[in-house]
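To start, the structure under review is shown below, and the notes come after it.
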Protein chains: 2
Amino acid sequence: MRTPSHPATESLQLAGIFHALSDPARLSIVTGLAEVEEQCCSDLDVPLSKSTLSHHLKVLREAGVTTTRVEGTRRLMSLRRDDLDLRFPGLLDAVLNAAREPADAH
Amino acid sequence: MRTPSHPATESLQLAGIFHALSDPARLSIVTGLAEVEEQCCSDLDVPLSKSTLSHHLKVLREAGVTTTRVEGTRRLMSLRRDDLDLRFPGLLDAVLNAAREPADAH
DNA sequence: TGGATAGTACGCAAAAGTTCGAACAAGCCG
DNA sequence: CGGCTTGTTCGAACTTTTGCGTACTATCCA
């Protein structure tokens, strides 16, 4: 298995990024990654099958939100912080900050 | 016709907002609203039919991104800046700023 | 009242997204 | 080598979204 391809920084589309973040499972994966920096597929605690999870990770990767690094039999995912910040300054921080907001109605 | 219902500020869902912003037509409507403050349906320059446009505006409204105010036979849309800022501080600004970024590959 | 304007609601078809299991590929370890 | 672990790919079923035309409601104006 070789390293999967990632879109170039310049070609990241805003609508595509929002689409990637519009699924609760994917949003939760992203917020999780913000805390641990690097995480492999099987360490995610999302109640979905292996193949579904793999699909979501692919969506995130193809939208340019995450990078995947191969290490042995595992794939370590991380956020493309620098690239996102270069292309859309402040966006990722705002997203992560918003996701940390309590969802309560006060 | 009476004023359509809008979700309460506290019940705004982040994933729902991203979903609303994930469609190019809706994202363009939002960025347009950021410039003119208030705009009615028929003033939008989106190449879509009236009914489709109405559908997109409904999605934006139900996600809590916009408000609709009735004035005569027209509906004036505007961004829910204050509410969004209260619930997800800085998010809308980051989104609008990102949308203003040139899409070139430099 | 009658007509024009502005937008919504409904029903439909096409396209896209979600989810899973099964089969496959690739690297590790005994 | 053979089996275990990790993850991808494929096909299928199902749901959601998108886009349109038509029909409808509501408001304004002559």
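All chains are named by letter (A, B, ...) in the order of the sequence lines, taking the proteins before the strands, and each is independently numbered beginning at 1. Predicted model, so just to flag it, every value in this text is computed and none were measured.
- Within the 4.0 angstrom heavy-atom criterion, base atoms lie near B/Ser49.
- For D/dG21, its base sits under 3.5 Å from the side chain of B/Ser51 at one donor and acceptor pair at least.
- Between A/Ser42 and D/dG7, a side-chain N or O to OP1/OP2 separation shorter than 4.0 Å is present.
- Looking only at distances, a side-chain donor or acceptor of A/His6 sits under 3.5 Å from a matching main-chain atom of A/Thr68.
- The main-chain N or O of A/Asp82 is never found under 3.5 Å from a side-chain atom of A/Arg87 such that the two would form a donor-acceptor pair.
- Distances shown here put a side-chain N or O of A/Arg61 below 4.0 Å from the OP1 or OP2 atom of D/dT8.
- Taking the salt bridge (charged side-chain N to carboxylate O under 4.0 Å, His left out) definition, one finds that A/Asp83 meets it with A/Arg80, sequence neighbours left out.
- When only modelled atom types and interatomic distance are considered, A/Ser54 and A/Ser51 share no side-chain donor-acceptor pair under 3.5 Å.
- A/Val59 and A/Leu21 are assigned to two separate hydrophobic clusters, defined by single-linkage of ILVMFWY side chains at heavy-atom distances under 4.5 Å.
- Counting non-hydrogen atoms under 4.0 angstrom, A/Thr52 reaches a base of the nucleic acid.
- Rounded to an integer number of Å, the gap from CZ of A/Arg75 to P of C/dC28 is 11 Å.
- When heavy atoms are screened at a 4.0 angstrom cut-off, A/Leu48 is found touching the sugar-phosphate backbone but no base atom.
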Look for any protein N or O under 3.5 Å of an N or O in nucleotides 12-14 of chain C and output each such pair with its distance, or none.
none

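- A search for salt bridge (charged side-chain N to carboxylate O under 4.0 Å, His left out) contacts involving A/Arg74 returns A/Glu71, not counting sequence neighbours.
- For A/His55 and D/dC10, the shortest distance from a side-chain N or O to OP1 or OP2 is not below 4.0 Å.
- Remark on DNA chain C: of its neighbouring residues B/Leu76 and A/Gly72, the 5'-side contact belongs to B/Leu76, judged by nearest-heavy-atom nucleotide.
- Rounded to whole Å, atom C1' of C/dC24 lies 10 Å from atom NZ of A/Lys50.
- Rounded to whole Å, the distance from NE2 on B/His56 to C1' on D/dT18 is 6 Å.
- In this structure, CG of A/Asp23 is placed 14 Å from C1' of D/dT17, rounded to the nearest angstrom.
- Atom CZ of A/Arg74 is separated from atom P of C/dA25 by 23 Å (rounded to the nearest Å).
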